[in-house]
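Numbers for residues simply follow the sequence, beginning at 1.
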Amino acid sequence: MAYTLPAEWANQSAIMLTWPHQETDWSPFLSDIETVYVQLAKHITEQQLLVLACHNESIKLHVNELLKNANINLKQVRWFIAPCNDTWARDHGPITLTDEDGNTQLLDFTFNAWGAKYESNFDNDITSHLLQQDFCSPTLANKHSLILEGGSIESDGNGTLLTTTTCLLNPNRNAHLSQQQIEQELKTALGMDKVIWLEHGHLAGDDTDAHIDTLARFAPKGIVYVQCTDKNDPHYLALNKMEQQLAQATGKDNTPYTLFPLPMPNAKVDENGELLPATYANYLIINNAVLVPTYNDENDKTALRIIGLAHPERVVIGVDCSTVIKQFGSLHCLTMQIPADVIH
């Protein structure tokens with residue numbers, strides 16, 4: 001049977017997290033970010049397995065104690081040791097394909113830290129460490145030479161992929177390939193029939209070159225996306241053009257998608273007054289729930305309601321991401337879902 005990239009709302013066996021430690025950029029607020037990770041671990045283990053990548057055995061022992069003190073069911077946790085430069089599992093974790101018979105295949109794409117912006121010598125090997133420690137049961141495809149991050153692609157579960165030209169066509173990724181060649185690589189590697197390329201949209205402060213998971217997400221009921229209604233906002237023109245393109249987008253059967261516009265949170269800035277790429281679109285789908293980033297913002301409730309409309313079969317849970325956004329990401333960036341029948 002043909003393998004394809006499932007939608008993220010397909011049944012999952014686990015969520016992967018790469019735990020922060022003192023040698024990562026989380027160091028100045030390590031205690032605060034660990035509190036968020038423990039909260040995530042609690043929500044995840046209530047629904048499914050949690051796969052934890054730890055930098056070394058000492059970190060593993062430390063995390064084990066944190067989870068135990070939080071009354072988290074450790075029988076729901078699967079551990080592996082993998083040195084890491086950073087903790088954005090969405091981009092260095094495995095991308096998993098499935099077929100109609102429930103067989104699975106893990107893909108290990110090349111990770112170069114969003115165009116060689118940071119060190120990635122450890123992170124590029126994390127998926128290899130996961131597979132070498134042998135507690136998952138898919139067929140492994142060879143490591144893929146294409147530079148690709150999980151946050152840069154979205155599948156509707158029906159053969160259509162959503163991505164951005166700003167990221168995938170950036171010369172800091174696959175400069176030797178044309179758009180046509182990259183599209184064919186994506187279709188072949190991920191088992192897709194169609195690629196929708198968004199040509200507009202970017203959040204100030206984003207260092208991923210406009211990952212799709214900061215802007216627009218497939219949902220069972222359509223596409224959830226960031227809308228800007230303030231004509232004085234510097235994001236307005238690009239996001240308005242993105243909205244127009246989404247309104248014209250269709251799946252492989254040429255059926256248009258229902259659109260669910262999300263508000264933008266009020267501007268969030270770092271200690272230097274620089275804008276941070278806060279977005280509600282960077283939510284995490286788990287079995288039976290959606291974990292949505294919140295920012296102690298007046299728009300939080302509206303975002304939770306809209307995401308609930310787009311994912312009516314799931315409980316919507318807000319998670320304060322005021323600390324997470326300090327490193328320019330949110331819940332989807334921190335995590336990688338692993339489909340059913342992979343982790344036992």
Side-chain donor-acceptor pair present, [X], [Y], cut-off under 3.5 Å:
{"X": "Q227", "Y": "E243", "value": "yes"}
{"X": "W114", "Y": "D91", "value": "yes"}
{"X": "H21", "Y": "E34", "value": "no"}
{"X": "D156", "Y": "N158", "value": "no"}
{"X": "Q132", "Y": "S128", "value": "no"}
{"X": "E8", "Y": "H332", "value": "yes"}
{"X": "N266", "Y": "Y295", "value": "no"}
{"X": "Q47", "Y": "N288", "value": "yes"}
{"X": "T87", "Y": "Y37", "value": "yes"}
{"X": "Q337", "Y": "Q12", "value": "no"}
{"X": "E149", "Y": "H211", "value": "yes"}
{"X": "T165", "Y": "E199", "value": "no"}
{"X": "S322", "Y": "N296", "value": "yes"}

_For a side-chain contact (heavy atoms from CB on, under 4.5 Å) check, start with the C-alpha distance between I306 and L262, then their side-chain angles and the critical distance, and finish with the verdict._
CA-CA 7 Å; I306 292 168; L262 287 172; 3.9 Å; yes

*Under the criterion side-chain contact (heavy atoms from CB on, under 4.5 Å), which of N64, V63, I59 is the partner of L52?*
V63

*asked:* Applying the side-chain contact (heavy atoms from CB on, under 4.5 Å) criterion to L5, which one of L186, I153, T96, L107 satisfies it?
replied: I153

Keeping [X] on the side-chain end and [Y] on the backbone end, is there a donor-acceptor pair under 3.5 Å?
{"X": "N282", "Y": "D213", "answer": "yes"}
{"X": "R78", "Y": "L49", "answer": "no"}
{"X": "R217", "Y": "A281", "answer": "yes"}
{"X": "N240", "Y": "Y236", "answer": "no"}
{"X": "N124", "Y": "F111", "answer": "yes"}
{"X": "T335", "Y": "L331", "answer": "yes"}

*Kindly check if the number of other-residue, nucleotide or ligand heavy atoms within 6.0 Å of NZ (K194) is above 12?*
yes

*Just wondering, more than 12 heavy atoms not from K301 lying within 6.0 Å of its NZ?*
no

What is the minimum heavy-atom distance between [X] and [Y], and which atoms define it?
{"X": "D233", "Y": "C228", "value": "CB-SG, 3.6 Å"}
{"X": "L97", "Y": "P6", "value": "CA-CD, 4.2 Å"}
{"X": "H55", "Y": "C84", "value": "ND1-N, 3.0 Å"}
{"X": "A14", "Y": "V51", "value": "CB-CG2, 3.8 Å"}
{"X": "I182", "Y": "W197", "value": "CG2-CH2, 4.0 Å"}
{"X": "P94", "Y": "M16", "value": "CD-SD, 3.7 Å"}

_For a side-chain contact (heavy atoms from CB on, under 4.5 Å) check, start with the C-alpha distance between V38 and I72, then their side-chain angles and the critical distance, and finish with the verdict._
CA-CA 9 Å; V38 170; I72 288 171; 4.2 Å; yes

_As a quick check of understanding, evaluate side-chain hydrogen bond (donor to acceptor under 3.5 Å, both in side chains) for N85 and N121, giving each step before the final call._
CA-CA 7 Å; N85 306 99; N121 57 311; 3.0 Å; yes

*What class does the angle between the rings of Y257 and F218 fall in, given that below 30° is parallel, 30 to 60° is tilted and above 60° is perpendicular?*
tilted

*Parallel under 30°, tilted from 30 to 60°, perpendicular over 60°: which one fits the rings of W88 and W26?*
tilted

*Do the two ring centres, one from F122 and one from H92, sit under 6.0 Å apart?*
no

*Inspect the contact between R173 and D209 and indicate whether a charged nitrogen and a carboxylate oxygen are less than 4.0 angstrom apart.*
yes

*Assess whether side-chain hydrogen bond (donor to acceptor under 3.5 Å, both in side chains) is satisfied between Y3 and N103, documenting all intermediate values.*
CA-CA 8 Å; Y3 286 95; N103 300 308; 4.7 Å; no

*asked:* Given Y118, which partner from the list D207, D86, N112, D123 fulfils the side-chain hydrogen bond (donor to acceptor under 3.5 Å, both in side chains) test?
replied: D207

_For a side-chain contact (heavy atoms from CB on, under 4.5 Å) check, start with the C-alpha distance between Y283 and H311, then their side-chain angles and the critical distance, and finish with the verdict._
CA-CA 11 Å; Y283 56 82; H311 296 273; 3.0 Å; yes

_Within 45° cone and under 6.0 Å: K143 NZ/CZ vs F109 ring_ = no

*How many angstroms lie between atom CD of Q105 and atom OG1 of T4, to the nearest 0.5 angstrom?*
11.0 Å

_Checking L198 against L162 for the side-chain contact (heavy atoms from CB on, under 4.5 Å) test, could you report, in this order, the C-alpha distance in whole Å, the side-chain angles of both residues, the deciding distance, and whether it holds?_
CA-CA 7 Å; L198 293 186; L162 183 64; 3.9 Å; yes

